[in-house]
Amino acid sequence: MIKILKHKQNTAIKYFLITFFVSQSIICFGQSSRKLPESELKDIYGKSINSRSILNDSGLTVIDFWATWCKPCIQELDNISEVYPNWIKETKVKFVAISIDDARNITKVAPIANSRGWKYQILIDSNGDLKRLLNVNNIPHTFLLNKSGEIIWQHNSYVPGDEDELFEIIKKESLK
Amino acid sequence: MTKIFKFSPFFLLFFFTFIQKIKSQEKFETGSVHGDFQTDFQTYRTDSTINASAVPEKSGSNSYLNLIYYREKITVGGRFEGYYPALQGFDRRYKGGGIPYRFVNFKHHGLEVTAGNFYEQFGNGLTLRTYWEWGLGYDNSFDGFRVKYSAIKGIVLKGIIGDQRFYFDKSAGKVRGIDAEFFLNDIIPGLDSTPTKISLGGSFVSKFEADKNPVLALPENVSCYGGRLNITRNNLNLTSEYAYKINDPSEINGNIYKSGNALWVSASYSPKNFGFVAQFKRLDNMNFRSARSATVNDLMINYLPAGTPQHVSRLASFYPYATQPNGEIGLQFDLMYKFNKETPLGGKYGTKISVNFAMVNNINKTPIDPALIAQDPNNKFMGYNASLANDFRIDKSGIHMGGHMLYRNLSFEINKKITEKLKLIASYIYIELDNKVVQISPFKKVIKSHIVVADVSYKIKPRKIVRAELQHLYSEQDYGNWITTICEYSIGSHWFFSVLNDFNYGSFSSNKPDDIQDLFKKPTHYLSGTIGYNKNTTRISLSYGRRRAGVLCVGGVCRLVPATDGLTLSVTSSF
């Protein structure tokens, strides 16, 4: 009897989920803007930072999910670091590097960033809350946001040279 | 009937979402549905040279799809997972398809309520941490309720209750926990402008599991609690946490009635161009799971960081360290430096160097005095005595920490751009591992290995890059020596091609042939090729060839992967 009930209940959950997502998808169809979700992050001082407060008032914002153990992520952040002063000068873009490291490597986040001379805003999403809300499955995953926090472009993985494509998009979108 | 009642709050929140939805439309505010998915399909064929065997189905596939509906205040989400059958190396209890993860989350004026499945972490995780690591088949999420409340700036309170995920089932044990965190600079007036930032936290977690053991009187409610402190001043940081667990006899600790404790201290200093990290940890009987009989990666409630480096190169990640919850003491140091460009060591483009030293020993365990056992027979169930003070000893030969060696790492890396087109990363890594304890391969002795890696990338034209890696591992034990060659070619950001060969060629010395496993005495190549396509957030890759047996680790949790031969297709996307 319990088994039957459990089965019925699972079926009910599935039915609800499917109906829900199908209806929501239909409602949302054709609407392209997706806003940066609200979530609590931490800065390297342990202070809580709301994800919405990282947005750039004077231009676009790039957020990049990375981790201390991710080689392509560090390569990407190193390469962008070299051209970042120029990006700011030309477009006033702001770059935020969000680490998904856990306790094992959290204390390595600031030393890695500082020793490599990164000038980004460094934040930590240790419980992966924002990562899940943005459907990040592999890192590095880069998002470009406009002034009102809408995602206008995203990309995952990194090959040297990808930063040139990102900058072209930043320049184009900055003029809008 | 009780089952249905248990879920009624879940449905209520669903209903609430719909109401919100309708109301929101009046104000022309809509939410959005997004998701991500991954599917890995692999065929298997028998290949006796590498000990790979086919499965009856000839193939396996693991897939998931996450969907999230997000609107201000409300988030609803779920994940479908399917294993037809699970890929080799994953637990066979991952069978068929289902929705093991679904939730409703509501946020309003500092209050956040989650019903259904959730991932949570208290402090560093010593008392509680649940997370999902798809590549490892690791998911210890809770199914229940979570409330977070932050009414005053700088104070966050959390409470959780639920069952843990156990493959497509749930744990029999219940877990309850509370946590409080205080960021003092936001709370105490006058502290907000000082450069010293202090945060304090405390957590209490309790699990309940009925005692069905006919012989032993087992504690049904086991509590684990901890306190933490984080101080930062400019470029200096200190993070520390101490946790204590009452007696909790389990399969892992050999059913002893001893209490457990854990200490984690991590400090860093990083002015411009320089980084230094020092970590210390000590664990004593800290295995904490929602079922006493759980082993491997099942039903873990807490998270015990490994405190060792997470190597990225292929051969260096061959011998990772896995945390020993029954007892370990360790130290780790990292040093990083960047020589600026136009300096003698920096050259034209600058040079980055990093050094890591890590050591882990077991802790000193003193057997219970037989006289004590004679007086009180229950003492024998205490297992042993151990203390932090007992783990430090100074004598003529120096300072000694803990008992015998479990793990050592010494590594150097140099990262240099040589010309506008050529980049080099070179490293040397020494790893020593007591495999009798860590058990990452069937070889049950100490393994010593020396690894050298050269990673060269050359830009032929903008966006056309060739990358080659040459690695060598020297060892007189386990599988013996390895040479790994990786060649990758990428055109733009869309297409990439790679060829990988792991060549295992036994040992240099024939004196100790017993130290090399039989299968690996004769030279063997593990050759595979991959073609991949990447666009925005979608990645498709197709590989064919052999893969060696080994261990895959993410964040201190590891999974053994058997040797395989066949075709692999992977698709990942997010939208």
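The sequence lines fix the lettering, A, B, ..., with proteins before strands; numbering per chain opens at 1. All figures in this text were calculated on a predicted structure; none of them were measured in a lab.
Interface residue Lys352(B): only side-chain heavy atoms are found under 4.5 Å from chain A. Heavy atoms closer than 4.5 Å to chain A are found in both the backbone and the side chain of Thr537(B). Heavy-atom distances place no part of Asp101(A) under 4.5 Å from chain B, backbone and side chain included. Only the backbone of Ser573(B) has a heavy atom closer than 4.5 Å to any heavy atom of chain A. At a 4.5 Å heavy-atom cutoff, the contact between Asn138(A) and chain B is made by side-chain atoms alone. With a threshold of 4.5 angstrom between heavy atoms, Asn235(B) approaches chain A through side-chain atoms but not through N, CA, C or O. Heavy-atom distances place the side chain of Tyr70(B), and not its backbone, under 4.5 Å from chain A. Heavy atoms closer than 4.5 Å to chain A are found in the side chain of Lys148(B), but not in its backbone. Contact of Phe496(B) with chain A is not made at all, since no heavy-atom distance falls under 4.5 Å. Residue contact with chain A, scored on non-hydrogen atoms closer than 4.5 Å, is absent for Trp134(B). Contacts between Phe80(B) and chain A at a heavy-atom distance below 4.5 Å are absent for every atom of the residue. Using a 4.5 Å cut-off between heavy atoms, Phe276(B) touches chain A through its backbone atoms (N, CA, C, O) alone. With a 4.5 angstrom heavy-atom cutoff, Lys423(B) touches chain A only via side-chain atoms. Heavy atoms of Asp455(B) lying under 4.5 Å from chain A belong exclusively to its side chain. Neither the backbone nor the side chain of Arg233(B) has a heavy atom closer than 4.5 Å to any heavy atom of chain A. For Ser266(B), the parts lying near chain A are the backbone and the side chain together; criterion is any non-hydrogen pair under 4.5 Å.
The candidate with the highest count of non-hydrogen atom pairs below 4.5 Å against chain A, out of Glu112(B), Lys535(B), Gln332(B), is Gln332(B). When Pro37(A), Gly46(A), Ala110(A) are compared by the number of non-hydrogen pairs under 4.5 Å with chain B, Pro37(A) comes out ahead. Highest contact tally toward chain A, considering only Gln38(B), Glu120(B), Arg539(B), Lys272(B), is held by Glu120(B) [criterion: heavy-atom pairs under 4.5 Å]. Among Asp129(A), Leu133(A), Thr68(A), Ile106(A), the residue with the largest count of heavy-atom pairs under 4.5 Å with chain B is Leu133(A). Most heavy-atom pairs under 4.5 Å with chain A, from the set Asp334(B), Ile465(B), Asn273(B): that is Asn273(B). Annotation: maximal heavy-atom pairing with chain A below 4.5 Å, among Gly135(B), Ala267(B), Ser490(B), Pro309(B), occurs at Pro309(B).
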Criterion side chain to side chain contact (heavy atoms under 4.5 Å, CB included) on Asn237(B) and Ile44(A), from CA distance to verdict: CA-CA 9 Å; Asn237(B) 169 265; Ile44(A) 53 169; over 6 Å; no
Side chain to side chain contact (heavy atoms under 4.5 Å, CB included) evaluation trace for Arg104(A) with Thr308(B): CA-CA 8 Å; Arg104(A) 181 180 186 181; Thr308(B) 55; 3.0 Å; yes
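A pairwise comparison of heavy atoms in Pro305(B) and Ala103(A) identifies CG-CB, 4.0 Å as the closest pair. For the pair Thr232(B) and Tyr45(A), the tightest heavy-atom approach, listed with the atom from each and the gap, is CG2-CD2, 3.0 Å. The two residues Ser115(A) and Gly275(B) have their closest heavy-atom pair at CB-N, 3.7 Å. Heavy-atom minimum distance, Ser574(B) versus Leu134(A): OG-O, 4.5 Å. Across all their heavy atoms, Asn536(B) and Trp153(A) have their closest contact at OD1-NE1, 4.2 Å.
In this structure Lys171(A) satisfies the salt bridge (charged side-chain N to carboxylate O under 4.0 Å, His left out) test together with Glu168(A), sequence neighbours excluded. Legend: residues meeting salt bridge (charged side-chain N to carboxylate O under 4.0 Å, His left out) with Lys153(B), ordered by chain and number and at least two apart, are Asp186(B).
Proximity to chain B among residues 47-64 of chain A is limited to Lys47(A), Arg52(A), judged by heavy-atom separations below 4.5 angstrom. Heavy-atom proximity under 4.5 angstrom to chain B picks out Lys119(A), Ser126(A) from residues 119-126 of chain A.
Between Lys341(B) and Glu82(A), none of the side-chain N atoms (NZ, or NE/NH1/NH2) sits under 4.0 Å from a carboxylate O, so this pair counts as no salt bridge. A salt bridge does not link Glu40(A) to Lys158(B): none of the charged side-chain nitrogens sits closer than 4.0 Å to a carboxylate oxygen. Arg463(B) and Asp164(A) are not joined by a salt bridge, as no carboxylate oxygen comes within less than 4.0 angstrom of a charged side-chain nitrogen.
Atoms CD and CG, from Glu133(B) and Asp102(A) in turn, are 9.0 Å apart once rounded to the nearest 0.5 Å. Rounded to the nearest 0.5 Å, atoms CG (Asn137(A)) and OG1 (Thr572(B)) are 5.0 Å apart. With rounding to the nearest 0.5 angstrom, the CD atom of Gln279(B) is 4.5 Å from the OG1 atom of Thr107(A). Interatomic distance, CZ of Phe183(B) versus CG of Asp43(A), reported as 6.5 Å (0.5 Å rounding). Once rounded to the nearest 0.5 Å, the distance linking CG of Asn114(A) with CE of Met336(B) reads 10.0 Å. The NE2 atom of His141(A) sits 9.0 Å away from the CG atom of Asp36(B) when rounded to the nearest 0.5 Å.
In summary, the side chains of Gln310(B) and Lys108(A) do not present any donor paired with an acceptor at a separation below 3.5 Å, with no hydrogens or angles considered. Counted by atom type alone, Ser157(A) and Asn534(B) present one or more donor-acceptor pairs between their side chains at under 3.5 Å. For the residue pair Lys42(A) and Asn230(B), no side-chain donor N or O sits within less than 3.5 Å of a side-chain acceptor on the partner.
Between His34(B) and Ile151(A) there is no side-chain heavy-atom pair separated by less than 4.5 Å.
Although no hydrogens or angles enter the test, the distance criterion places a donor-acceptor pair under 3.5 Å between the side chain of Asn127(A) and the main chain of Tyr119(B).
Other residues, nucleotides and ligands contribute only 12 or fewer heavy atoms inside 6.0 Å of the NZ atom of Lys459(B). More than 12 heavy-atom neighbours from other residues, nucleotides or ligands sit within 6.0 angstrom of OH on Tyr489(B).
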